[in-house]
Trainee: 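Dropping the structure in here first, questions after.
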Amino acid sequence: MSYIDGFVLAVPTANKQAFIDHARTGDSVVMEFGATRVVECWGDDVQRGKLTDFFGAVQAKDDETVVFSWIEWPDKATRDAGMKKMMDDPRMDPATNPMPFDGKRMIYGGFVPVVELP
């Protein structure tokens, strides 16, 4: 069964194209290292909640857009090996490929699918 890495982050709205460019570089790296699919989603209809919401989860500011992304891997072993290679890859060095958002406010995690429809 597949394995999923999920991410939610706040990106300055003015940095949309910089985010897309950054994601294209990083996404091609994870695909090279075994990911089967990567999806980057720019917030379009993200509601503010009364108790909790995506904005609060990443401490989004008024001039930021919430981004939701995921990486699909064939299994956790491939993910673990691929993520290690990615972290060591010079194309992912923040000096040459800086994140156009505050990575400290990004939330992420690895997930095992329990229901999957075609």
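The figures here come from the full heavy-atom set of this structure, side chains too, leaving out hydrogens, waters and symmetry mates. Remember, it's a predicted structure, so these values are computed and weren't measured experimentally.
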Trainee: Is it possible for you to say whether Phe111 and Val39 belong to one hydrophobic cluster, with membership spreading through side-chain heavy-atom contacts below 4.5 Å?
Mentor: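 As far as the 4.5 Å side-chain criterion goes, Val39 and Phe111 are connected within one cluster.
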
Trainee: Return the set of residues passing side-chain contact (heavy atoms from CB on, under 4.5 Å) with Asp63 (not counting sequence neighbours), or none when no residue passes.
Mentor: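 Scan of Asp63 (side-chain contact (heavy atoms from CB on, under 4.5 Å), adjacent residues dropped) gives Lys61.
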
Trainee: Could you tabulate the donor-acceptor pairs under 3.5 Å formed by side-chain atoms of residues 41-51, not counting sequence neighbours?
Mentor:
unit_1	atom_1	unit_2	atom_2	d
Asp45	OD1	Gln47	NE2	2.6

Trainee: Kindly indicate, with the supporting measurements, whether the criterion side-chain contact (heavy atoms from CB on, under 4.5 Å) is fulfilled by Val58 and Ile107.
Mentor: CA-CA 7 Å; Val58 294; Ile107 59 174; 4.2 Å; yes

Trainee: Could you list the residues that satisfy side-chain hydrogen bond (donor to acceptor under 3.5 Å, both in side chains) with Thr36, not counting sequence neighbours?
Mentor: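 With neighbours one apart ignored, the set is empty.
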
Trainee: Mind running side-chain contact (heavy atoms from CB on, under 4.5 Å) on Ile4 and Ile71 for me, showing each step along the way?
Mentor: CA-CA 6 Å; Ile4 309 296; Ile71 303 171; over 6 Å; no

Trainee: Would a hydrophobic clustering, with Ile, Leu, Val, Met, Phe, Trp and Tyr connected at side-chain separations under 4.5 Å, put Phe7 with Met99?
Mentor: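 Yes, Phe7 and Met99 fall within the same hydrophobic cluster.
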
Trainee: Give the cluster check for Met106 versus Val66: same hydrophobic cluster or not, with ILVMFWY residues linked at side-chain heavy-atom distances below 4.5 Å.
Mentor: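 The answer is no; the residues belong to distinct hydrophobic clusters.
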
Trainee: Using a strict cut-off of less than 4.0 Å between a Lys/Arg side-chain nitrogen and an Asp/Glu carboxylate oxygen, indicate whether Asp89 and Lys85 qualify as a salt bridge.
Mentor: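 No.
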
Trainee: Output the rest of the hydrophobic cluster of Met1: all Ile, Leu, Val, Met, Phe, Trp and Tyr residues reachable through side-chain heavy-atom contacts under 4.5 Å, sorted by chain and number.
Mentor: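 None; Met1 is a cluster of one.
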
Trainee: Report the residues that fulfil side-chain hydrogen bond (donor to acceptor under 3.5 Å, both in side chains) with Glu32, sequence neighbours left out, ordered by chain and then residue number.
Mentor: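 Only Arg91 meet the side-chain hydrogen bond (donor to acceptor under 3.5 Å, both in side chains) criterion with Glu32.
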
Trainee: Can you give me the closest heavy-atom contact between Pro113 and Ser2, atom names plus distance?
Mentor: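 What the structure gives for the nearest pair is CD-O, 3.1 Å.
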
Trainee: Holding to salt bridge (charged side-chain N to carboxylate O under 4.0 Å, His left out), I want the full list of residues that pass it with Arg105, two or more places apart in sequence or in another chain.
Mentor: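 With neighbours one apart ignored, the set is Glu64, Asp102.
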
Trainee: If you link I, L, V, M, F, W and Y whenever their side-chain heavy atoms are under 4.5 Å apart, who else ends up in the same group as Val114?
Mentor: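 Members other than Val114 - counting any ILVMFWY side chain reachable under 4.5 Å - are Val115.
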
Trainee: Go through the structure and list residues passing salt bridge (charged side-chain N to carboxylate O under 4.0 Å, His left out) with Asp5, not counting sequence neighbours.
Mentor: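 Asp5 satisfies salt bridge (charged side-chain N to carboxylate O under 4.0 Å, His left out) with Arg79 only.
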
Trainee: Do Val112 and Tyr108 sit in one hydrophobic cluster, given that two such residues count as connected whenever their side-chain heavy atoms are within less than 4.5 Å of each other, even indirectly?
Mentor: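 They do share one cluster, since a chain of ILVMFWY contacts under 4.5 Å joins Val112 to Tyr108.
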
Trainee: Using the rule given for side-chain contact (heavy atoms from CB on, under 4.5 Å), can you reason through Val30 versus Trp73, listing the C-alpha separation, both sets of side-chain angles and the distance that settles it, and then say yes or no?
Mentor: CA-CA 9 Å; Val30 296; Trp73 301 90; 4.1 Å; yes

Trainee: Nearest 0.5 Å, please: how far is CG in Leu9 from CZ in Phe68?
Mentor: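 With rounding to 0.5 Å, CZ (Phe68) is 11.0 Å from CG (Leu9).
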
Trainee: Can you pull out every side chain to side chain donor-acceptor pair (under 3.5 Å) where at least one residue sits in residues 9-22? Sequence neighbours excluded, please.
Mentor: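 Residue pairs with at least one partner in residues 9-22: Thr13-Thr65, Gln17-Asp21, His22-Asn97.
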
Trainee: For Ser69 and Glu40, does a side-chain donor sit closer than 3.5 Å to a side-chain acceptor?
Mentor: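 Their side chains do contain a donor-acceptor pair, which is all the 3.5 Å distance test asks for.
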
Trainee: Is the number of heavy atoms from other residues, nucleotides or ligands within 6.0 Å of CZ (Phe54) greater than 12?
Mentor: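 At most 12 heavy atoms, drawn from other residues, nucleotides or ligands, come within 6.0 Å of this atom.
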
Trainee: Once rounded to the nearest 0.5 Å, what's the spacing between atom NZ of Lys84 and atom CZ of Phe33?
Mentor: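 Between Lys84 NZ and Phe33 CZ, I get 11.0 Å after rounding to 0.5 Å.
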
Trainee: Cluster question for you: counting only ILVMFWY and a side-chain heavy-atom cut-off of under 4.5 Å, with indirect links fine, are Trp70 and Phe101 together?
Mentor: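 Cluster IDs for Trp70 and Phe101 differ.
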
Trainee: What pair of heavy atoms forms the shortest contact from Pro100 to Pro12, and how long is it?
Mentor: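 Smallest heavy-atom distance, with atoms named: O-CD, 3.4 Å.
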
Trainee: Applying side-chain hydrogen bond (donor to acceptor under 3.5 Å, both in side chains), can you list everything that pairs with Asp93, at least two apart in sequence or on another chain?
Mentor: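 For Asp93 there are no side-chain hydrogen bond (donor to acceptor under 3.5 Å, both in side chains) partners, ignoring immediate neighbours.
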
Trainee: Who are the salt bridge (charged side-chain N to carboxylate O under 4.0 Å, His left out) partners of Lys76, not counting sequence neighbours?
Mentor: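 Salt bridge (charged side-chain N to carboxylate O under 4.0 Å, His left out) list for Lys76, sorted by chain: Asp80.
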
Trainee: Going by the rule side-chain hydrogen bond (donor to acceptor under 3.5 Å, both in side chains), which residues pair with Asp75 if we only count those two or more places apart in sequence or in a different chain?
Mentor: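 In terms of side-chain hydrogen bond (donor to acceptor under 3.5 Å, both in side chains), with neighbours along the sequence ignored, Asp75 is linked to Thr78.
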
